[in-house]
Structure formats: structure tokens, C-alpha cells
Amino acid sequence: MRILLTGGCGFIGSAVVRHLIRNTEHSVLNVDCMTYAASEDTVSEVADDPRYSHARANIVNGVEMQRLFEEYRPDAVMHLAAESHVDRSIDGPGVFIQTNIVGTYSLLEAARKYWNTLGDAEKKTFRFHHISTDEVFGHLEPNDPPFTETTPYDPRSPYSASKASSDHLVRAWFHTYGLPTFVTNTTNNYGIWHFPEKLIPLVTINAIEGRELPVYGKGENVRDWLFVEDHAEALVKAVEIGKPGETYAIGARQPRTNLEVVKKICAVLDELQPDPAGPRERLIRFVTDRPGHDFRYEIDPSHAEKELDWKATHDFESGLRKTVQWYLDNRAWWEGIRSKRYTGQRLGASK
């Protein structure tokens with residue numbers, strides 16, 4: 001299979017690229033315009049493989065997307081390119097509208113025009129796989145059942161609203177034009193090569209450096225955590241056997257409060273690299289909550305597990321240990337980011 005994959009130098013996208021080249025015979029064209037959170041280091045181990053190529057292009061540019069479809073002639077699309085940090089969407093929603101909504105529209109139209117040139121057999125097997133988030137469903141109260149594929153949409157941040165919009169576009173192109181699209185929604189991912197603005201890499205790096213560990217509010221907000229390599233495996237299975245018009249909610253049944261996550265990171269680091277100044281929980285600082293902070297996300301992945309013949313293999317403790325160890329072993333990568341692109345400052349405090 002020839003796969004046109006967007007956002008392949010980002011966190012989840014690069015995990016999918018690595019999985020495809022390591023574990024399948026598929027070929028990949030990685031379409032990534034290299035925003036602040038992208039890094040070619042994330043795919044360096046597979047970059048020399050003849051089945052991998054990279055096109056530095058922006059999905060908003062419809063003409064460029066159409067050219068790539070015509071030249072590469074993919075059998076499937078995996079659309080991961082997105083602005084994804086809620087805090088940044090609070091500070092500057094405009095780029096989220098452009099990338100997540102207009103970019104998805106441009107990619108859908110390029111895919112539709114290309115798909116219309118295919119023969120009947122190729123049309124039937126072509127797939128447009130749109131990767132989305134559980135945040136489009138809004139938030140859950142403590143006793144609410146987890147999200148499923150049929151949960152009504154209720155986005156509550158500029159980020160989740162832009163992703164909800166893109167999900168609706170993808171489904172509209174299926175129902176209106178017959179383009180064989182489907183959507184996967186996932187929980188919070190964590191793992192290696194994660195840009196250090198998100199909770200787990202930010203807290204891990206701050207704890208390594210002996211900095212304060214900021215926790216929003218009282219740290220009671222709950223997230224359902226999925227190790228990124230498990231997610232990559234699920235996404236590849238989805239593009240291989242997913243059905244047009246379907247939705248697959250992908251998760252690992254690993255809900256934790258933010259405070260539990262931060263304390264677990266401290267405990268793992270205290271074991272792997274003790275701090276002479278004492279246990280790292282001393283660094284925890286509760287800070288003003290962000291505007292519109294959703295209380296809880298959690299997914300019931302039963303449908304995806306059954307239909308994709310997949311189940312997450314990492315529990316949270318084993319996945320987190322791998323993640324923390326990786327950040328200890330790869331200081332050069334994140335120190336370069338800290339010195340040039342993101343110093344760990346608070347984002348998303350606008351009101």
C-alpha cells in the first residue's frame with residue numbers, strides 16, 4: 001500500500017511512520033510543513049529507507065496537495081497533521097482554524113479529485129483515514145460512562161472545536177461525494193519524541209532539571225492515557241481494514257488524574273535518577289486553572305478493539321517508565337528545543 005500521511009514529523013505521526021517502515025511493507029509519503037513542534041529527528045531511523053519520502057508542504061495549499069496526489073498516487077491517506085495544544089489554541093485560535101479546518105478541507109478536495117480519476121477497483125479500495133481526538137465529545141462528570149463512537153459532539157475549546165469541524169467535513173465528504181473516509185478518535189497520547197509543552201514531557205523535563213512542576217487547579221482533572229506506539233499500531237490496522245463511514249474510538253482504559261500522573265513521574269525519576277535535594281514531589285506547585293478546562297475524558301474502546309483486532313499492550317506504569325527513561329537518555333534533543341523553541345513557559349492563560 002502507498003500511503004500519503006500528513007504530519008509525519010509530529011508526535012503521533014512520526015510514531016505511525018516508524019511503525020509502518022519497521023513492521024509493514026507499505027510505503028509512506030510524509031507530508032509535513034515542519035511547524036514548531038515537528039522534528040526530522042523523530043523519523044531519522046527510517047529516513048533512509050527507500051519506502052519513505054518526505055514532502056515539505058502545507059496541507060492548506062490545495063494546489064500543492066493536488067500535485068502530491070497526482071505524483072505519488074496513494075492507495076490511502078492518513079491525515080494526522082493538526083495544531084493540537086489546547087493552551088496554544090486559547091492564546092491564538094486562528095492557526096487552529098486554518099490548519100485543522102481549512103487544511104482538512106484542502107486535503108479532502110485534493111483526495112476527491114484524485115479519487116475520481118481512479119478505476120472502479122482502485123476507487124473501492126482507496127481510504128481516507130482522519131485521525132481525531134476524544135476532546136470533540138466535550139467532558140465527562142465523575143460518574144458519566146466513557147465516550148463511545150455515538151457520543152454527541154460538544155467541543156469546548158478552540159482546539160476541540162476545530163477538530164470537531166474537521167471530523168464533520170470528513171463525514172460530509174463521505175455522505176455527499178462517496179469519498180471512502182472514516183474517523184478515529186483517541187485519548188491523550190504519551191511516549192517518546194513528545195514536544196515538551198504537553199503535561200508528561202513538560203513535567204518529566206522540569207523534574208529532571210529540578211524546576212517547579214505546575215499542576216492546574218487541584219490536579220483533579222482526569223485523562224485517559226494511551227502509549228503512542230500502541231496508538232500507532234491501531235491506526236495502521238485501521239487504515240488496512242477500516243470501513244468507509246465508520247468511526248473507531250481508540251483508547252487503553254488507563255484514566256488517571258493529572259496529579260496522579262505528576263506524582264508517578266516523580267516516583268519513577270526518583271528511582272531512576274535520585275535527586276540529592278530530595279524526592280521530586282517537593283517541586284509540585286498548584287497554579288491557576290486554564291479557562292474552560294474540561295474535567296474528564298475517557299474512552300470505551302470496545303468497538304475498535306473488536307473491529308480492528310487490536311488492544312493496547314502497555315499499561316500506564318510500563319509505558320510511563322519507558323517514556324521517562326527515554327527523556328533521561330535523550331537530553332540533547334529536548335535541551336535543543338528548550339534553548340531555541342520553547343523554554344517551558346506557561347501557555348493558555350488568556351481570558
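From a predicted model like this one, the values you see are computed outputs, not experimental measurements. Residues: numbered from 1 along the sequence shown.
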Residues passing the salt bridge (Lys or Arg N to Asp or Glu O under 4.0 Å) test with Glu70, sequence neighbours excluded, are none

Look at Glu45 together with Arg22 and state whether they make a salt bridge at an N to O cut-off of under 4.0 Å.
yes

Would you call Glu335 and Arg338 a salt bridge, taking side-chain N to carboxylate O under 4.0 Å as the test?
no

Residue pair Trp310 / Ala234: nearest heavy atoms and the distance that separates them
CE2-CB, 3.5 Å

With side-chain contact (heavy atoms from CB on, under 4.5 Å) as the test, would you mind laying out the steps for Cys9 and His54 before giving the verdict?
CA-CA 9 Å; Cys9 289; His54 177 204; 4.2 Å; yes

Describe, in one word, how the ring planes of His79 and His130 are oriented to each other, choosing from parallel (under 30°), tilted (30 to 60°) and perpendicular (over 60°).
tilted

Would the distance check show the side chain of Arg2 and the main-chain N or O of Val28 forming a donor-acceptor pair, the cut-off being under 3.5 Å?
no

Results of salt bridge (Lys or Arg N to Asp or Glu O under 4.0 Å) for Asp230 - residues two or more places apart only:
none

Can you find a side-chain donor-acceptor pair between Thr187 and Asp224 that sits under 3.5 Å?
no

Go through Asn185 and Ser132 one step at a time and tell me if the side-chain contact (heavy atoms from CB on, under 4.5 Å) criterion holds.
CA-CA 5 Å; Asn185 299 88; Ser132 190; 3.5 Å; yes

Report yes if some heavy atom in the side chain of Thr184 is under 4.5 Å from a heavy atom in the side chain of Thr247; otherwise report no.
no

Hey, quick one: are Leu80 and Met34 part of the same hydrophobic cluster, counting side-chain heavy atoms closer than 4.5 Å, chains of contacts allowed?
no

Any donor-acceptor pair under 3.5 Å linking the side-chain atoms of Thr148 with those of His303?
no

Looking at residues at least two apart in the chain, or sitting in another chain, which of them share a salt bridge (Lys or Arg N to Asp or Glu O under 4.0 Å) with Glu122?
none

Determine yes or no for a side-chain-to-main-chain donor-acceptor pair under 3.5 angstrom, with Asp315 supplying the side chain and Ser318 the backbone.
yes

Arg290 NZ/CZ over Tyr216 ring centroid, <6.0 Å and within 45° of normal
no

Donor-acceptor pair between Ser160 and Arg156 side chains, under 3.5 angstrom
no

For residues Val16 and Met78, determine if any side-chain heavy atom of one lies less than 4.5 Å from a side-chain heavy atom of the other.
yes

Within a 6.0 Å radius of atom CG on Asp329, are there more than 12 heavy atoms belonging to other residues, nucleotides or ligands?
yes

Measure from NZ or CZ of Arg88 to the centre of the six-membered ring of Tyr159, then state whether that distance is under 6.0 Å and the direction lies within 45° of the axis.
no

Are Trp326 and Trp334 an aromatic pair by the rule of ring centers under 6.0 Å?
no

Exceeds 12 heavy-atom contacts within 6.0 angstrom, atom NZ of Lys237:
yes

Out of the candidates Tyr190, Tyr36, Phe11, only one should pair with Phe195 under the ring-ring contact (aromatic ring centres under 6.0 Å, His included) rule; please name it.
Tyr36

Are more than 12 heavy atoms, taken from residues, nucleotides or ligands other than Tyr105, located less than 6.0 Å from that residue's OH atom?
no

Should we count NZ of Lys218 as having more than 12 external heavy atoms under 6.0 Å?
no

Taking Val183 as the starting point, is it possible to reach Phe126 by hopping between hydrophobic residues whose side chains are less than 4.5 Å apart?
yes

Evaluate the ring planes of Phe69 and Tyr114, with Trp represented by its six-membered ring, and classify them as parallel (under 30°), tilted (30 to 60°) or perpendicular (over 60°).
tilted

Parallel, tilted or perpendicular: which fits the ring planes of Phe147 and Tyr297, with parallel below 30° and perpendicular above 60°?
tilted

Consider only side-chain N and O atoms of Arg18 and Thr42, and report whether a donor and an acceptor are under 3.5 Å apart.
no

Checking Asn116 against Tyr177: is there a side-chain donor and acceptor pair closer than 3.5 Å?
no

Which pair of non-hydrogen atoms, one from Lys124 and one from Arg127, has the smallest distance, and what is that distance?
O-NH1, 2.9 Å

Could you tell me how the ring of Phe295 sits relative to the ring of His139: parallel (under 30°), tilted (30 to 60°) or perpendicular (over 60°)?
perpendicular

Ion pair present between Glu212 and Arg285, side-chain N to carboxylate O less than 4.0 angstrom?
yes

Distance alone, cut at 3.5 Å: any donor-acceptor contact between the side chains of Ser302 and Arg253?
yes

